[in-house]
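Atoms considered below: every heavy atom in the structure, side chains included; atoms not considered: hydrogens, waters and symmetry mates. This structure is a prediction, so every number in the text was calculated from the model and none was measured. Count residues from 1 along the sequence.
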Amino acid sequence: MRFPTTVGTGAIVRAVFSVTIVYCMAFCNCFARTGSGSVPQEGVQYTVYVYDAAQRTPMELARIILRRGKTVVATTVTNVSGVGVLKDVDPGAYRLSVHFIAYYDYYDSVQIDESHIMDSVGMTPTSQPAVVVTGEHELNVTSFDLSTGNQVFESETYHAAPTTTTTTLVQENLLGAARAPTGEVHIRGQHGEYSYYIDGVPIPLGVFGGLNDVIDPRVIDRATFLTGAFPAEYGGQIAAAIDVQTRVPTGAFHLDASEYTGSYLASGDSLGDRVGSLKALNSNGQALSFSGHEDKFGYFLSGSRQETDRRIDPPIAPIFHDHGFDYFLYGKFDYRLTDVDYITANLNYGRTNTQVPFDSISTAGDYQQIDDNQITTNQFQTLSYFHTISTEKDAESNLFIGGYAREGELNYLPGATDAPDFFFKPDTVNNLVLAEDRTFTSIGVRTKFDQRLSHHFMYAVGFNASSTSGTENYTTRDTAGNPG
């Protein structure tokens, strides 16, 4: 007999209408002296347009640095249209530099004043991999945003290990984050109370009730970790929001393959190959990715596999039944419609097979009989559209529309020889073994429109609506293996 139980069947529809009004009041350090006293004088707005000199296309997320002598005066990154804006720059002579991975750095001396407020920079791709060794390294953008206090992660200062995943980056870079053995991340004791935003699109929770790996770390260009004073667009009762900007790696076709293998010895009354009184715990993994550009179309595809003998730290001393596999597929696609219209898409599929090394009624002699297994899958799809309406000084406006979907499944399969330890009240005599099958689907859309009305005043308005449906089925069997 099969006992299906449905949890949350139907649709749970939520709509969040958010309005963000940002006041920014700043006064320059220079004052113009007049007969009636001193009057603060605003600096000029300096705009830099960055493009690929070979393909003549705008370059997003290029780093722009303005220096006076050895002092960094201002920094910014370009938007999807290749435009970077530095506000309230005092007129004078500066050293301009633009940096982007796989392109030669650009340097020039500029005189900024009311008659010279814009420059165009053509970036030249490196003809071959270049290795530059310097005795001093200065981050192009600080690891903290001084205006908000948010932490900022940048890929160019980080070289990931083969085992690195998205949750690893969150754990290593976000204050107060701890990663559970199952892969979930907990932030300051909160479980599942945070969300990823990938290219402006929120990624709903997975089958664990938390967020596992969603993208390949190699496409992350910049990630901002918000841990307090959240803007209205991110919601209210959350522990953190992670705003991730991704990009297809620059340049022509590129193929990358990697493999790792490791082993260490552990003591304990455990199963597996023995080395004297010790047990060998092994792990290995393989990854393959390739990327390229065809005119205005860019693509990145990757796949990885990981295997380990120590998946979850068991709550008991012996190490047993703790093998695990992870499979991960990811694709990202960019297409520039015009100089002011840009779309990007993300596709993901992940599968995790985990042996569960724990049974509350087991004794030392029963460990060999336990064969509980858990299989989880996660998939998501996003499509983001960015449109620059106006780039006019102090009248900038932009439109964003994004659609997203996420699907997942969790199967918990008890071993064939497991001792029954579950019962339905009031029957406490006929114990059963319980199996679980959970599935869910989430779909949604998010929009945002922002407009600057003056140098000191801008507003943003948008909405986020999503629908989630799912089922959770349980099946049971008794001590003889018959359906319960």
Side-chain angles (χ1 to χ4, degrees), residues 14 16-24 60-61 63 75-77 79-80 139-158 165-179 184-206 209-215 217 219-247 344 346 380 382 384 386 398 400 402 404 406 444 446-450 452 458-466:
R14 60 184 178 83
V16 178
F17 180 81
S18 62
V19 179
T20 304
I21 299 180
V22 180
Y23 288 96
C24 178
E60 180 187 7
L61 299 175
R63 274 68 172 177
T75 65
T76 189
V77 294
N79 60 20
V80 295
L139 293 179
N140 292 330
V141 179
T142 177
S143 57
F144 282 88
D145 186 329
L146 298 180
S147 62
T148 63
N150 296 326
Q151 293 172 255
V152 178
F153 165 81
E154 296 208 289
S155 61
E156 70 172 42
T157 62
Y158 179 83
T165 59
T166 311
T167 47
T168 305
L169 295 181
V170 175
Q171 173 198 358
E172 293 176 347
N173 291 276
L174 181 60
L175 294 176
R179 187 182 185 189
E184 300 168 83
V185 175
H186 300 258
I187 300 176
R188 294 189 296 279
Q190 298 296 313
H191 172 68
E193 296 294 329
Y194 71 103
S195 181
Y196 291 111
Y197 283 78
I198 308 298
D199 298 326
V201 173
I203 304 299
L205 298 177
L211 288 159
N212 295 343
D213 297 306
V214 292
I215 59 175
V219 301
I220 297 178
D221 188 86
R222 181 180 175 89
T224 303
F225 300 94
L226 297 92
T227 56
F230 301 103
E233 63 182 287
Y234 295 110
Q237 297 180 350
I238 55 177
I242 303 165
D243 190 357
V244 180
Q245 296 171 287
T246 67
R247 65 176 176 86
T344 183
N346 295 273
F380 81 88
T382 72
S384 303
F386 300 87
N398 303 277
F400 163 78
Y404 56 91
R406 182 160 186 167
R446 180 176 186 259
T447 68
K448 180 180 178 181
F449 169 78
D450 62 79
R452 181 172 294 280
M458 70 169 292
Y459 72 93
V461 61
F463 70 89
N464 175 23
S466 66

Nearest-0.5 Å distance, [atom1] of residue [X] to [atom2] of residue [Y]:
X      : Y      : atom1 : atom2 : result
Glu60  : Arg222 : CD    : CZ    : 11.5 Å
Tyr459 : Phe449 : OH    : CZ    : 4.5 Å
Ile215 : Ile198 : CD1   : CD1   : 4.0 Å

Those residues at least two apart in sequence (or on a different chain) that pass side-chain hydrogen bond (donor to acceptor under 3.5 Å, both in side chains) with Thr382 are Asn346
Test side chain to side chain contact (heavy atoms under 4.5 Å, CB included), reference Val244, set Ile220, Thr224, Asp221, output is Ile220
The side chain to side chain contact (heavy atoms under 4.5 Å, CB included) partner of Tyr196 among Asp243, Ile203, Val201 is Ile203
Note: Tyr404 and Arg446 closest approach over all heavy atoms is CE2-N, 4.3 Å
Note: Gly200 and Tyr197 closest approach over all heavy atoms is O-CD2, 4.1 Å
Could you check whether any side-chain heavy atom of Asp199 comes within less than 4.5 Å of a side-chain heavy atom of Phe400, counting everything from C-beta outward? no
By side-chain contact (heavy atoms from CB on, under 4.5 Å), Asn398 pairs with (sequence neighbours left out) Thr388, Asp450
